[in-house]
Each structure stands twice: as C-alpha cells, then as structure tokens.
Amino acid sequence: MTPIISVSDTDADTDTAPVDLFSPLALGPLSLPHRIVMAPMTRSRTTQPGNTPNALMAEYYAQRASAGLIITEATQISPQGQGYSFTPGIHSEAQIAGWQTVTDAVHRAGGRIAVQLWHVGRMSHPSFHGGGQPVAPSALSPDAKVWVVEADGVGRMLDCPIPRALTLDEIDAVVNDFRLAARQARRAGFDAVEIHAANGYLIDQFLRTTSNHRTDRYGGSRENRIRFLEEVVTAVADEIGADRVGVRLAPFITARNMNCPDIIPTILLAARRLSALGIAFIHLAEADWDDAPQIPDDFRHTLRDTFHGRLIVAGRYDLSKAQALIRTGLVDLVAFGRPFIANPDLPRRLRDHLPLADFDGSQLFGGDAQGYTDYPPLPASASGTADRASAAA
C-alpha cells in the first residue's frame, strides 16, 4: 500500500495557529489536510451477482475525495459476514479489482481512503447463508431487522433469526478472515483499514454480556470478552502495520439487545490494549437519534488518558458542535455521515459557511446514480445559495 504523504506523528502548524476542524493532522503515515472524515455509510450499490464494487461507486467516492479521510461503507470479510443485500465484499478477486478502481479514483482526486472491515454476526438473515443460521458468540436473538432484497427485487426489513454459536475453530477461522481481508485491502490500494467493532455486529457481540454468554476463553470476564477483538486487531496489524489500523467502537449504543451494564469498563480496557498495540485511531460511533444520551465528559477524559492514538467521533455533529469538541482537545477528528450524501464538497461548504443540501432518504439503499452520484458540488462562485440547499449547519 502506498501512502499519500509520510509525515511525523505530530500535528502540523499547531505552533502558529489554534487547532480547529480545519487544521492539518498526521494520522499514522497519512497527512490529512483537515479533520473532517467521511463516515462509513451503507449504500448497497454493488454489481450483482458477486457484491462487487463498480465504476458508479468509484465515482461516488471520488466526488467526496476532499474529505480529510474517507472511510468506506462496511465491507464483509467473507460470505459468512454478510447481513444486508448488495453490500460489498473484499474476499473475491472481482471484489478486490473493483475496490482497486475505487481507490485509484480517490487517489487521482487527491484523497485518502480506508476500508471498513465487517462481519455482522447475528445481524443477518438465512437468505445470505443458503438457508442456514447466522453465527454469533451465543445463540441469542438480536431482536432486530436487516435489509434484504427478495426474489421480486424489492428490499424489505426482515427479522433476524436466533443465530448459532461459533465453535472455537470457527472463531479462529473468522480471525483469519480478517487477516486475509487486510491483505486484500493492501492489494486493492487502501491507505488504511477500520475494523468494525460497533453497532451490534460480531466483534461488539463478543464485547457485551447481553450478547455473549460463553463459558470458554471468549466469555465471562472482561479480559475474555475483549479477546476476540484483540486477536482480530493483532492479525490485521501484522498484515498492514498497526499505524494503518483503526477500530470503531460504540460504547453508548444500546439497540439490538446490546444494553450491556458492563460495556463502559470493557471498552476502556479494550482501549488500553489497543493503545498498547499501537493502532492509529479509535472511531466512536455515538448515538445520533433525537433523544440519545449525551457522552459524559468524564468518559471522554478517561478515554483520552487511556488511548494514545487519534480519536474520531461520529454522531449528529454540525459545524459548531464539531469545532467546540475539537477545541477541547478531547478528540482529533469528526466524522460526518448523512451530510456527505448530498454535499460531496462538504469540507468546503463547512469552511466557507455555505448552504447544505438535503438528501433524498428514499434513495439511501440500492438503486442507481439517482440519490447517489447526482448531487452536485456548489459552483466556485457560490456565496450563500445553492440548488437543493437548506440552511448551513
């Protein structure tokens, strides 16, 4: 994997200007021009059959290459890891070639891009597994739904069944699938990888007492519940270097039967171990619904003291909230999801206080260019109005 620019591990220009959302930053071997990250968002536009990244996806990501860092939509490491229709994989030669088209397009546009590696665990449906059960740490229902396109071509939210528990040999095999996926990411030209350990998916399922009832070395104590995460991160770091690895965590998300009373100390123990492994960043997926709990300041301070890499946050941030949090020094980067859908030039719009366009929610999953690559950037002469635009954040 070829880095965009190699720099030191210190922030750029911090001696001459106060740090804010638009300050440069070193992230491992990457030099980011600012601290606005494009968050991973499932869009389900792959070519079928085969869940293969394609030219339309390359156009979509290249349009958004002005992000300090793009983190791709979640990408399954194996057929077993799939839980939604038309999501991309990185386990076949066609998928690797498809992703190479994407990374080439982003790099030509001057961007930096990481792939998010994913195994959904119990957040799946038998239609992805030849009628078989999804897998999980334990045979416990997530009480959740996944988006499945059925034989009539219509996508519907279908109930996840009770999964079956992974055997020890199968756990070893999944760790190796993450290792191989990191190797394929290197072949495909990605600058880094993010391991998805949040939002109720497989690694998160191992972390929580509500989804992990195992009595072997992967269950029970905090040390045991973080073991799978440690093994996955170690395997990925061995392949591509720890300084190109990030982990996404979701300590305050409780949906999908994940309301674990022990998750905060478990996450902090995991963060200490991840810091010792030398990974580049932790990416916090913060709850983004209207009445979501606020992240306590004491947690932010403890995490900052515990983990010595970069910290990314993603939630319902606007410009003022992002700037305020960056200036506290408790986080290093802020990831934006939905605003990037209709605003491919989001960093410029935020920097220049330009209007933000609204996205079409009916076009989020599946489909074609409509609601995907047809959102235009603002013209260079724009000073305060735009087509399809609403008030700036």
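Here, residue 1 is the first one in the sequence, and each next residue gets the next number.
Formation of a donor-acceptor pair under 3.5 Å by the R64 side chain with backbone atoms of V106 is not found in this model. In this structure, the side chain of H213 engages the main chain of T209 through a donor-acceptor pair within 3.5 Å. A donor-acceptor contact shorter than 3.5 Å is absent between the side chain of T234 and the backbone of E231. With hydrogens and angles ignored, the 3.5 Å screen pairs a side-chain donor or acceptor of S211 with a backbone N or O of Q205. A distance-only check finds a donor-acceptor pair linking the side chain of Q63 to the backbone of T373 [under 3.5 Å]. With D345 contributing its side chain and R348 its backbone, the two residues share no donor-acceptor pair below 3.5 Å. Within the 3.5 Å criterion, the main-chain N or O of W147 finds no donor-acceptor partner in the side chain of R156. The backbone N or O of N199 lies less than 3.5 Å from a partner atom in the side chain of R256, making a donor-acceptor pair. Checking side-chain atoms of S138 against main-chain N and O of L140 turns up no donor-acceptor pair under 3.5 Å.
Using a 4.5 Å heavy-atom cutoff, the side chains of H283 and P40 are in contact. Between F281 and V37 the shortest side-chain heavy-atom distance does not fall below 4.5 Å. Between R179 and V175, the closest side-chain pair of non-hydrogen atoms is not below 4.5 Å. In this structure the side chain of Q184 never reaches within 4.5 angstrom of the side chain of W99, judged on heavy atoms. The shortest distance between side-chain heavy atoms of N54 and T101 does not fall below 4.5 Å. A 4.5 Å side-chain heavy-atom check between P347 and L350 finds every atom pair outside the cut-off. Between F307 and I279 there is a side-chain heavy-atom pair separated by less than 4.5 Å. Annotation: side chain of I312 is not in contact with side chain of V334 (no heavy-atom distance under 4.5 Å).
F228 and M258 fall into different hydrophobic clusters, defined by Ile, Leu, Val, Met, Phe, Trp and Tyr side-chain heavy atoms under 4.5 Å apart, directly or through other members. Residue V149 is not grouped with residue V154 when hydrophobic side chains (ILVMFWY) are merged at heavy-atom distances under 4.5 angstrom, including chains of intermediate members. There is a path of hydrophobic side-chain contacts, each under 4.5 Å, that joins F206 to I264. Linking Ile, Leu, Val, Met, Phe, Trp and Tyr residues whenever their side-chain heavy atoms come within less than 4.5 Å leaves L202 and L180 in two separate clusters.
Under 4.0 Å is where a charged nitrogen must lie from a carboxylate oxygen, and between R244 and E239 no such pair does. Looking at R310 and E194, no side-chain N of the basic residue comes within less than 4.0 Å of a carboxylate O on the acidic one, giving no salt bridge. For R273 and E223, the salt-bridge test passes: some basic side-chain N is under 4.0 Å from an acidic carboxylate O. Looking at D262 and R225, a side-chain N of the basic residue comes within less than 4.0 Å of a carboxylate O on the acidic one, giving a salt bridge. Classification of R304 and D332 as a salt-bridged pair holds, one side-chain N sitting under 4.0 Å from a carboxylate O. Under the 4.0 Å criterion applied to side-chain N and carboxylate O atoms, R45 and E59 are not assigned as salt-bridge partners.
Minimum heavy-atom separation, I326 to L333: CD1-N, 3.8 Å. In plain terms, the two heavy atoms of G189 and H107 that are nearest each other are O-CE1, 3.1 Å. Residues T72 and V115 approach most closely at OG1-CA, 3.4 Å, considering heavy atoms. Between V236 and A182, the closest heavy-atom pair is CG1-CB, 3.7 Å. What you find for V135 and Q80 is that their closest heavy atoms are CG2-CD, 3.7 Å. When all heavy atoms of Y218 and N212 are compared, the closest pair comes out as O-ND2, 2.8 Å.
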Using the side-chain hydrogen bond (donor to acceptor under 3.5 Å, both in side chains) rule, take D360 and S362 through it: C-alpha gap first, then chi angles, then the decisive distance, then the call.
CA-CA 6 Å; D360 181 354; S362 69; 2.7 Å; yes

Could you walk me through whether T46 and Q48 pass side-chain hydrogen bond (donor to acceptor under 3.5 Å, both in side chains), step by step?
CA-CA 6 Å; T46 56; Q48 299 301 313; 2.8 Å; yes

Determine whether Y317 and E286 satisfy the following criterion, side-chain hydrogen bond (donor to acceptor under 3.5 Å, both in side chains), listing intermediate values before the conclusion.
CA-CA 10 Å; Y317 284 94; E286 299 179 359; 2.7 Å; yes

Give the intermediate values and the outcome of side-chain hydrogen bond (donor to acceptor under 3.5 Å, both in side chains) for residues D159 and H125.
CA-CA 7 Å; D159 290 329; H125 188 268; over 6 Å; no

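Rounded to the nearest 0.5 Å, atoms CZ (R164) and CG (L166) are 6.5 Å apart. Within the model, atoms CG of L303 and CG of L330 stand 9.5 Å from one another, a figure rounded to the nearest 0.5 Å. Between atom CD1 of residue I77 and atom OG1 of residue T75 there is a gap of 11.0 Å, rounded to the nearest 0.5 Å. To the nearest 0.5 angstrom, I71 atom CD1 is 10.5 Å from M41 atom CE. T302 contributes atom OG1, which lies 13.5 Å from atom CD1 of I267 (distance to the nearest 0.5 angstrom). With rounding to the nearest 0.5 angstrom, the CD1 atom of I263 is 7.5 Å from the OG1 atom of T210.
Among W118, Y60, Y84, Y61, the one residue that satisfies the side-chain hydrogen bond (donor to acceptor under 3.5 Å, both in side chains) test with E73 is Y61. The side-chain contact (heavy atoms from CB on, under 4.5 Å) test with V247 is passed by exactly one of L284, L277, L274: L274. Screening V313, D305, L311 against R300 for a side-chain contact (heavy atoms from CB on, under 4.5 Å) leaves a single residue, V313. When the options C160, P134, P163 are evaluated for a side-chain contact (heavy atoms from CB on, under 4.5 Å) with M123, the one that passes is C160.
Counting heavy-atom neighbours within 6.0 Å of I162 CD1, excluding the residue itself, gives a total of 12 or less. Q294 CD: 12 or fewer foreign heavy atoms inside a 6.0 Å radius.
The closest side-chain donor-acceptor pair between Q76 and T87 falls under 3.5 angstrom. With no hydrogens or angles considered, no side-chain donor-acceptor pair links N51 and Q95 at under 3.5 Å. T167 and D169 form no side-chain donor-acceptor contact under 3.5 Å, judged by distance and modelled atom types alone. In this model, a donor atom of one side chain and an acceptor atom of the other lie less than 3.5 Å apart for S124 and H129.
A perpendicular orientation is assigned to the rings of F252 and F299, their planes being inclined by more than 60° (bins at 30° and 60°).
Taking the ring centre of F22 as origin, the terminal cationic atom of R35 falls outside the region bounded by 6.0 Å and 45° from the ring axis.
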